[in-house]
Amino acid sequence: MAKEMHETPNLDELESGPWPSFVTGLKRLAKDKGYMVDLLGQLETSYKTRKGYWKGGTVSVFGYGGGVIPRFTELKDENGEPAFPEAAEFHTLRIMPPPGMHYNTDILRKFCDIWERHGSGLIALHGQSGDIMLQGCTTENVQKAWDEINVLGFDLGGAGPAVRTSMSCCGAARCEQSCYNEPEAHRVVINNFLDDIHRPALPYKFKFKFSGCPNDCMNSIQRADMAVIGTWRDNMQTDEALAKKWFAKHGMNELVNDVVARCPTKAIQLKEVKDVKAGDSISAVAVSDTHCLEIDNRDCVRCMHCINVMTGALAPGKDRGAAILVGGKRTLKIGDLMGTLIVPFMKLDTDEDREKLVELGKTMLDFFADNALEHERTGEMIERIGLVAFLEGIGLEVDPNMVSQPRTNPYVRMDGWDEEVAKINAKQNA
Amino acid sequence: MSQAQAATPRRPIECGVPDAKQYMHPTLVKNFGNWKYHDRPRPGVLHHVSHSGEEVWTVRAGTQRQMDVYTIRKLCDIADQFAEGHVRFTIRSNIEYIVADEKKVAPLIEALEKSGFPVGGTGNSITMVAHTQGWLHCDIPGTDASGVVKSMMDQLYEEFKREEMPNRVHISTSCCEINCGGQADIAVIIQHTKPPVINHDLVANVCERPAVVARCPVAAIRPALVNGKPSLEVDEKKCVCCGACFPPCPPMQINDPEHSKLAIWVGGKNANARGKPTFMKMVAAGLPNNPPRWPEVNEVVGRILHTYKADARPWERMADWIERIGWPRFFEKTGLPFTKYLIDDWRGARANLNASTHIRF
């Protein structure tokens, strides 16, 4: 044992119970590291006093401005010296994960070895923005740890007023609901903004997130300044064998109550096989010899519910791509903002398609950098200037998909109406 | 100064996000973009079938997120011995082992559970809590994160391992009102109840005063001369105790061991499935910040989950369930008091009032 443990009666209570205990992990590290003995001492103090004791500061690696989260203790003794001196510095390195957070054991073991040598040995997989968080490092060792991690092919993530580390779902790697190549889109987009990640110089943070379908497993609509959410334009695909298998197992009650009745736009109907409509927008699949599901794809909003319930029997169409939403964020300071749809559909099949996504991101980020106030997120900026001003600023045409309904008040200057109508007519006739 | 520091530092290799394919299970690489459907043979296991006919089984297990290297190496040992050396992590810090051979599933589950990692978190279970850093690492936390989550998951352990809820349940915790834990079916978030206590000796040296004034959402902060020193003052009648001034100005101490309480929010949903995505709504507050196990918070969370489990229909998320039964019945069934503080008066508040005669009796 490196050093005698401090008494930790509060933390000790978090070692009981069936869920894996982070305290047990911290204590295991403390067997070899006085650093972690003192960390436990400070954490136990927080549990007693119900106060936090870390303050920020300035620590970075050579060549970058961000990516390290500095932490210096504020828990001092009567002489103004750190009460737990070995853990007086406890910085975090944020490392960008591979898209979908895939690893083999070899790379994870390398991370462990490096972090055991230079840091605390505590790793969070993963932080809320998706970073691999190497938690607990002295100022002196930050560069040493970073030098070894960087040559593994990993790079620091974002912090402060910068483009932030991104996340993408498992997507095409394992999910049949994937509507685009999420890992590739994630990687191409983020790797085009490395300067804005590593050298924070924006009004505030800017987050991209990538979800492969409207289930939005990355929670992008509520968190991302630019959310890329997969969807499709053509008719839903069906598989009769899987539909019949599902029905045989689940029966009519579940089909009616869990599938048909839960369709938000009533696009799906249960019909007798003989009554099923044919048509360009109809997807139909028999669930038995007598009954059939009929979906009018023009009414379907691609919510995913029926597909989630009857996986494989119903599936996204073949003409897949993504919708783009902007401005999602949580509370501070004006209240929660959901992302707003600004691009209903774009293809993301080829490098050329992904280049267009990068261009859209660049245009949006440039506009943000030029127009947002200090500490203002994209959603707050749009709230302040209006969606139309934002669209005009980034060169996108208005589309009725962007609203849940048209305006409900007359308070607007409309002397440009005829001109706008003429423009739309000219475009339609072109 | 050590030798390493004295030498010219290495310039970073600005390599960005690595290619995931080098770490992916080979069957995933081979069938990339070609998956046909999936099912769940048992809680904690996903079975995906490709159009090529190839299959993979994914075994999902809970972790403590904040992991020591010994835990990660243990997880790697299990991957090497019982799986095929490839893992991935979910957004909620669950680990997933991917195997192309069904026969490996049962021994893998046994190895994980024997080592203390519960297998579950799939489908209509209560999965791992998304959380923040808390006292362990954050510079502005009102409470801890890992400890709250540990105590919560101890209580919800069996529900993690089963698929018995009406639909999936996502929970988050956050140590300040910034809510890094995020929107969820149930969220536990610090709610301060007193204005910041200002250390006027430090403000002038530590804080950029105009920036702090600009941060306040209700314009309650103004520059002031206090005891002859330039400082800031707060109009305490206007202050909503959000804590936005604290990060840019640590001398405006918002955290209070007694008066920083915990609030509980329900009905956030990010999926577009069925209804559009929803924000969560505050339904309880004033709960004490009570380490090491926060029993009062866990009691309310448990009560809401128990009511939801008993009352919601299949596939209803928390938000869908409440939309069907209505808010009066939600408060009645959970026994939570509906107070005047739960009526919104922030911008856009009228959209949250009942502008109809839709009333359930």
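Chain identifiers are assigned alphabetically (A, B, ...) following the order of the sequence lines, protein sequences preceding nucleic acid strands; residue numbering begins at 1 within each chain. Side chains are part of it too, since the values below use all heavy atoms of this structure and drop only hydrogens, waters and symmetry mates.
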Give a yes or no answer on whether the side chain of A:Q222 reaches the backbone of B:T278 with a donor-acceptor pair at less than 3.5 Å.
yes

Tell me, with the steps shown, if A:D216 and B:K269 meet salt bridge (charged side-chain N to carboxylate O under 4.0 Å, His left out).
CA-CA 10 Å; A:D216 193 7; B:K269 172 177 89 87; over 6 Å; no

Please flag which part of A:V309 lies under 4.5 Å from any non-hydrogen atom of chain B: side chain, backbone, both or neither.
both

So, are A:D147 and B:R10 salt-bridged, with charged N and O less than 4.0 Å apart?
yes

Does either side chain, that of A:R50 or that of B:N289, offer a donor lying less than 3.5 Å from an acceptor on the other one?
no

On a heavy-atom basis, which atom in A:Y64 and which in B:E14 lie closest, and how many Å separate them?
OH-CG, 3.3 Å

Is it the backbone or the side chain of A:P97 that comes under 4.5 Å from a heavy atom of chain B, or both, or neither?
backbone

State whether a side-chain donor-acceptor pair under 3.5 Å links A:T105 with B:D80.
yes

Any chance the rings of B:W294 and A:Y47 have centres within less than 6.0 Å?
yes

Would you mind checking which part of A:S21 comes under 4.5 Å of any heavy atom in chain B, side chain (CB onward), backbone (N, CA, C, O), both or neither?
both

Toward chain B, the part of A:I221 with a non-hydrogen atom under 4.5 Å
side chain

Among the listed options A:L373, A:L156, A:D113, the residue most often paired with chain B at heavy-atom distances under 4.5 Å
A:D113

Please determine whether salt bridge (charged side-chain N to carboxylate O under 4.0 Å, His left out) holds for the pair B:D320 and A:R262, giving the CA-CA distance in whole Å, both sets of side-chain angles, and the decisive distance to 0.1 Å.
CA-CA 10 Å; B:D320 302 314; A:R262 293 213 177 275; 6.0 Å; no

Side chain, backbone, both or neither: which part of A:L122 has a heavy atom under 4.5 Å from chain B?
both

Any donor-acceptor pair under 3.5 Å linking the side chain of B:R65 with the backbone of A:H126?
yes

Quick note, salt bridge (Lys or Arg N to Asp or Glu O under 4.0 Å) partners involving residues 20-35 of chain B, not counting sequence neighbours, are B:K30-B:E54

For B:H170, is it the side chain, the backbone, both, or neither that has a heavy atom closer than 4.5 Å to a heavy atom of chain A?
neither

Could you tell me which portion of A:A315 (side chain, backbone, both or neither) has an atom closer than 4.5 angstrom to a non-hydrogen atom of chain B?
neither

Between the main-chain N or O of B:W135 and the side-chain N or O of A:W54, is there a donor-acceptor pair closer than 3.5 Å?
yes

May I ask you to decide if B:P257's main-chain N or O and A:K51's side chain share a donor-acceptor pair within less than 3.5 Å?
no

Can you say whether A:L14 sits under 4.5 Å from chain B via the side chain, the backbone, both, or neither, judging by heavy atoms?
both

